[in-house]
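Report on one structure; see the data block that follows.
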2 protein chains.
Amino acid sequence: MLQVREDAIVHAVNRLLAEKGFDAMTVDEVAAQVGIAKASLYKHFPSKEDLAAAAMVRVMRRAQDFISELPADAAPVENLRAVVRWVLQVKLAGDMPTLPSQNSSLRATLMGNPDYMDGLMEISDQLGGWIEAAQARNELSPTLPAIAILYTFYARACDSVVEFLQMGGLFPDEQIMEMVLTTCFEGLNAR
Amino acid sequence: MLQVREDAIVHAVNRLLAEKGFDAMTVDEVAAQVGIAKASLYKHFPSKEDLAAAAMVRVMRRAQDFISELPADAAPVENLRAVVRWVLQVKLAGDMPTLPSQNSSLRATLMGNPDYMDGLMEISDQLGGWIEAAQARNELSPTLPAIAILYTFYARACDSVVEFLQMGGLFPDEQIMEMVLTTCFEGLNAR
DNA sequence: GTCTATAGGTGGATAGAC
DNA sequence: GTCTATCCACCTATAGAC
């Protein structure tokens, strides 16, 4: 019962973070969307920052669920492509929460949240392993530091090119995904 | 005299937008940084949105200045690389103002600002010409729509991977620039 | 745990004197 | 055009009854 309610809250936060970002999101909106009073929200989560953290934990769990179902025997680079594809799909569907990386109180809350930190670490370890394996097999560029490749993947979750292309309205979501995915792995140069 | 003061204002706005973003920037801060009263600011610019627009016009002018000095006889792709390099340099120096693309009142102000719209159009035409020329010479992938390539360049101005790598503190700015530039044009795959 | 009501603070914008 | 002083709306968070 409590779990169901908190899920509803975090779901609403996720949607609002994806739609308007952390600063523009208000706690009143969250409460209204869930259909409870604002004061009730604060019984579940102590601050707006903690609401955001819960949304990030939620999306990371979904990512972990997706990752855990990928074939262990596939080429590492193919699994990495699948993860980036999943990220883009979530973003294109308007379900990817984004946070301002400059906000210090928000950063402090995230850093102090074990669920967030552990999830981030686990995902980074999993992807990092695939990255190094792919580099060893010469499927990903061995000259780039693995951490730079990892960050490049993470940055796809907030890549403005997706919004630009969606706002332009010239391409369907499926094609946007393919273009960004291609650009990410193959680059803009001709082959 | 008025021009000098307004330059100082826009310069301060540019710095604050680069540092903390539109939502976190306050008009009080801008006034304090310039050293004038907030009410005086509003004699020069009618709203916070117009302040942001002026900062965007400023950075676009600087981009146009840079573009206009590029060799007309160089390979188009080389000029494009130089532009992306310039963008990354500005961003790495902490001088690239960024705006939330979801904010509707801000978008309306930008759309209604002829200086902004004209500058954006001019830059897009210039880069678009190079992109199509590069594709015709098979220097850039001919299968990608030119507009998608253009947006991919624009998105480098707010690519989070730069912040991630800078926060990590593992690489000097020069190396970050080369990694992002390489990833952008060559992709993550091994060659 | 849910509500109503409100505290406490901040930020964009303006009034009006000089 | 610059200032001081202020308005007013909104936002995070909390008090306190039920």
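Considering all non-hydrogen atoms of both residues, B:I149 and B:Q135 come closest at CD1-NE2, 3.5 Å. Contact record, A:A18 with B:Q102: O-NE2, 4.4 Å, taken as the closest heavy-atom pair. Of all heavy-atom pairs between A:A155 and B:D159, the closest is CB-OD1, 3.7 Å. In this structure, B:R156 and B:T152 approach most closely via the heavy-atom pair NE-O, 2.9 Å. When all heavy atoms of B:L41 and B:A31 are compared, the closest pair comes out as CD1-N, 3.8 Å.
A salt bridge links A:E186 and A:R81; the closest N-O separation between the charged side-chain nitrogens and carboxylate oxygens is under 4.0 Å. A salt bridge does not link B:E139 to A:R191: none of the charged side-chain nitrogens sits closer than 4.0 Å to a carboxylate oxygen. Salt bridge status for B:D65 with B:R62: absent, with no side-chain N to carboxylate O gap under 4.0 Å.
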* To do: I would like to know whether B:F153 and A:F164 meet ring pair (Phe, Tyr, Trp, His ring centres under 6.0 Å); could you show each step before the answer?
  => CA-CA 11 Å; B:F153 289 149; A:F164 296 164; over 10 Å; no
* Residue pair A:L165, A:L170: steps toward the side-chain contact (heavy atoms from CB on, under 4.5 Å) verdict -> CA-CA 7 Å; A:L165 287 166; A:L170 289 170; over 6 Å; no
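Rounded to an integer number of Å, the gap from A:Q3 CD to C:dG1 C1' is 16 Å. Protein atom CD of B:E6 is 14 Å distant from nucleotide atom C1' of D:dT2, rounded to whole Å. Atoms CG (B:L41) and C1' (D:dC3) sit 13 Å apart, rounded to a whole Å. Atom CZ in A:R5 sits about 9 Å away from atom C1' in C:dT2, given to the nearest Å.
The residue from A:R15, A:K38, A:K20 that alone fulfils the salt bridge (charged side-chain N to carboxylate O under 4.0 Å, His left out) condition with A:E29 is A:K20.
Among residues at least two apart or in separate chains, side-chain hydrogen bond (donor to acceptor under 3.5 Å, both in side chains) pairs with a member in residues 111-124 of chain A are A:Q64-A:E122, A:S124-A:Y154.
A distance of 13.5 Å separates NE2 of B:H44 from CG of B:D50, quoted to the nearest 0.5 Å.
Scanning residues 29-37 of chain A for heavy-atom distances under 4.0 Å to DNA chain D yields an empty list. Residues from residues 98-110 of chain A that place a heavy atom under 4.0 Å from any atom of DNA chain C: there are none. A heavy-atom distance below 4.0 Å to DNA chain D is reached by none of the residues of residues 52-59 of chain A.
Residue B:S40 has no polar side-chain atom (N or O) positioned under 4.0 Å from OP1 or OP2 of D:dG1.
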* **Reading 5' to 3' through nucleotides 12-18 of chain C, protein heavy-atom contacts under 4.0 Å coded B for base, S for sugar-phosphate only, - for none** => BBBB---
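Between its two ends, the helix from C:dG1-D:dC18 to C:dC18-D:dG1 turns its axis by 10°, counting five pairs per end and rounding to 10 degrees.
Linking Ile, Leu, Val, Met, Phe, Trp and Tyr residues whenever their side-chain heavy atoms come within less than 4.5 Å leaves B:L2 and B:V10 in two separate clusters.
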